[in-house]
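Residue numbers start at 1 and run along the sequence shown.
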Amino acid sequence: MASMYSTCCVLFLALAIVALHVSPVLPTSRRVLVGRNELEQGFRVVLKHADSSKNLTKWERIQRGIMRGQHRLKRLNAMVLAAAAGSGGVKTPVIAGNGEFLMYFSIGTPPKSYSAIMDTGSDLIWIQCQPCSQCYHQSTPIFDPKKSSTYAKLSCKSHLCKALQQSTCDHGCKYTYSYGDYSMTQGKMATETLTFGKVSVPKIGFGCGEDNEGEGFSQGAGLVGLGRGELSLVSQLKEPKFSYCLTLFDDTKKSTLLMGSMAGVNHANGAVKTTPLIRNPLQPSLYYLSLNGISVGRTRLRIKKSSFALRKDGTGGLIIDSGTTITYLEESAFHAVKKGFIKNMKLPLNTSGAAGLDLCFTLPSETTQVKVPKLIFHFKGADLDLPAENYMIADPESGFVCLAMGSSNDISIFGNVQQQNMMVLHDLKKQTVSFIQTQCHKL
């Protein structure tokens with residue numbers, strides 16, 4: 001076994017793929033606690049990566065994810081800046097939208113099966129519905145509410161209709177959701193029975209989308225919002241919490257989402273890292289965390305507190321997001337991290353730009369392992385020491401290894417590569433996020 005150092009990890013490489021096996025920095029044989037009582041609204045959902053069914057190499061999947069992540073980052077920054085500008089008058093709200101993972105469920109009575117994008121950056125649950133004036137192509141028949149005995153229109157006086165940022169009243173509640181790049185969905189608000197595996201949850205409020213346009217939706221039949229607002233799936237459950245466990249990027253096994261009473265982590269072994277959520281009044285759906293600093297190797301980096309601070313106008317801050325592939329840090333903070341890795345890595349810089357990432361190094365020929373400095377995110381109350389595979393990605397065939405992070409001109413995002421093989425619990429009642437190292441493919 002490779003020797004370990006207190007300030008570095010060993011990243012093992014395999015030919016032609018990104019190797020994500022590392023001599024253990026933290027034990028991985030921890031137990032995951034899920035609710036075993038047969039409570040009404042606790043259930044498990046299978047997650048599939050958006051590119052998993054495509055014939056792609058791992059590096060191609062990563063690059064596609066990075067491109068989508070950059071697009072999502074632009075949306076989030078535009079959304080935050082638009083809210084900060086506070087322009088008057090009626091306007092269509094801009095939502096982050098899209099994501100990297102699909103979740104499977106059935107809707108209606110009798111139940112019809114669909115997949116939809118899981119999105120922790122928005123609230124509304126919606127799927128394409130008949131009659132459809134403008135719908136994108138989907139692999140399954142479009143949901144027809146007339147064929148379901150449990151479909152019911154939402155009243156304009158309902159609290160879910162009032163929770164919409166933009167709605168109209170015309171024989172029931174109608175909604176409009178815009179995603180900032182000409183992508184949008186419009187339709188009727190209704191309630192329906194959603195079924196996850198063997199668990200059916202009645203009277204879930206959702207959007208029956210009759211006009212759905214733009215990029216990024218075609219992976220599924222719609223979108224399931226898991227944000228912090230009233231309209232999200234998690235907020236509509238009796239126990240408003242969820243946890244997900246994302247398998248390694250090249251793993252063919254599916255990831256897992258646990259909802260309601262089944263969501264949880266085992267605190268008995270002391271390995272749980274918990275940090276409080278903070279709220280941005282201008283972006284109440286997003287999961288903001290307090291990041292106090294970052295360490296690379298032995299060094300706690302000199303990063304200004306303002307780099308990750310949530311400002312009074314709603315800009316800045318850091319969110320945790322399952323729908324963004326890599327982590328993006330505010331520009332000056334990323335520059336400090338980049339400088340720290342350049343100092344600690346004993347490899348020449350690769351400036352070809354072929355990887356599509358900001359910081360890459362050239363691998364020596366026939367390399368099977370490489371030492372990389374430790375990376376620790378110092379969240380409030382939780383020092384998250386990441387395994388090497390959660391921040392360094394390599395392509396031995398092309399001869400480079402890269403830092404899976406980038407820079408942002410405003411909001412910072414803790415992305416899903418950094419969350420691999422962790423149970424990540426979002427507890428809306430306690431207003432916390434917890435992390436525990438987990439072998440997600442064994443759940």
Side-chain angles (χ1 to χ4, degrees), residues 2 4-5 7-23 25 49 51-52 54-71 73 100 246-251 294-297 299 301 324-329 331 333-377 386-408 413-421:
M4 297 301 300
Y5 300 83
T7 58
C8 72
C9 308
V10 179
L11 186 71
F12 293 95
L13 310 179
L15 291 177
I17 66 168
V18 182
L20 295 180
H21 299 288
V22 61
S23 198
V25 177
H49 193 273
D51 289 331
S52 63
K54 297 179 176 68
N55 186 22
L56 302 171
T57 66
K58 181 172 181 178
W59 193 253
E60 287 172 336
R61 284 179 62 184
I62 288 172
Q63 289 182 315
R64 284 169 63 91
I66 290 169
M67 289 179 64
R68 286 192 298 265
Q70 290 171 342
H71 188 57
L73 175 66
E100 289 290 288
L246 307 178
T247 55
L248 295 175
F249 213 89
D250 64 337
D251 202 326
I294 298 174
S295 291
V296 175
T299 306
L301 301 177
T324 304
T325 302
I326 65 172
T327 287
Y328 292 94
L329 300 177
E331 286 175 330
F334 177 73
H335 179 74
V337 171
K338 186 175 178 179
K339 187 176 179 181
F341 271 87
I342 292 172
K343 179 181 178 181
N344 283 274
M345 292 286 289
K346 308 302 181 184
L347 295 173
L349 284 172
N350 183 314
T351 58
S352 67
L357 288 161
D358 288 86
L359 180 61
C360 293
F361 301 89
T362 299
L363 290 169
S365 59
E366 300 183 3
T367 298
T368 57
Q369 65 183 51
V370 60
K371 292 178 183 177
V372 299
K374 274 193 160 190
L375 178 64
I376 303 174
F377 279 73
L386 297 178
E389 61 264 27
N390 284 29
Y391 57 93
M392 299 300 293
I393 54 178
D395 186 358
E397 190 174 74
S398 299
F400 49 73
V401 58
C402 303
L403 178 66
M405 297 170 67
S407 65
S408 169
I413 305 174
F414 192 66
N416 65 55
V417 167
Q418 281 65 42
Q419 300 174 58
Q420 293 177 126
N421 268 348

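A distance of 9.0 Å separates CG of Leu246 from CG of Asn421, quoted to the nearest 0.5 Å. Taking CE from Met67 and CZ from Arg64, the interatomic distance works out to 8.5 Å, rounded to the nearest 0.5 Å. In this structure, Arg61 CZ and Glu100 CD are separated by 9.5 Å, a value rounded to the nearest 0.5 Å. Here OH of Tyr391 is found 10.5 Å from CZ of Phe377. Values are rounded to the nearest 0.5 Å. Note that CD1 of Ile342 is 5.0 Å distant from CG of Leu359, once rounded to the nearest 0.5 Å. Expressed to the nearest 0.5 Å, how far CZ of Arg68 lies from OG1 of Thr325 amounts to 6.0 Å.
The nearest pair of heavy atoms linking Ser408 to Leu73 is OG-CD1, 3.6 Å. The minimum heavy-atom distance linking Pro373 with Gly297 is given by the pair CB-N, 3.9 Å. In terms of heavy atoms, Asn350 sits closest to Gly399 at ND2-O, 4.2 Å. Contact detail for Phe334 and Ser407: the closest heavy-atom pair is CD2-CB, 3.7 Å. Closest non-hydrogen pair, Ile66 versus Gly356, comes out as CG2-O, 4.2 Å.
Contact annotation: the side chain of Thr247 never approaches that of Gln420 to less than 4.5 Å [non-hydrogen atoms, C-beta and beyond]. Side chains of Asn344 and Thr299 form no contact here, defined as non-hydrogen atoms less than 4.5 Å apart. A heavy-atom distance below 4.5 Å is not found between the side chains of Ile62 and Asp395. In this structure, the side chains of Leu347 and Leu363 come closer than 4.5 Å at one or more pairs of heavy atoms. Leu301 has its side chain within reach of Val296: a pair of non-hydrogen atoms, C-beta onward, lies under 4.5 Å apart. Under the 4.5 Å side-chain criterion, counting only non-hydrogen atoms from C-beta, Met405 is in contact with Leu375. Residues Leu329 and Ile294 are in side-chain contact: their nearest non-hydrogen atoms beyond the backbone lie under 4.5 Å apart.
With sequence neighbours excluded, the residues forming a ring-ring contact (aromatic ring centres under 6.0 Å, His included) with Phe400 are Trp59, listed by chain and number. Applying the side chain to side chain contact (heavy atoms under 4.5 Å, CB included) test to Pro348 and every residue at least two apart in sequence or in another chain returns Thr362. Checked against side-chain hydrogen bond (donor to acceptor under 3.5 Å, both in side chains), Gln70 has no partners two or more places apart in sequence or in another chain.
Between the side chain of Thr324 and the backbone N or O of Gly69, no donor-acceptor pair lies under 3.5 Å.
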In sequence, state the C-alpha distance, the side-chain angles, and the governing distance for Leu403 and Lys338, and then conclude on side-chain contact (heavy atoms from CB on, under 4.5 Å).
CA-CA 8 Å; Leu403 178 66; Lys338 186 175 178 179; 5.6 Å; no
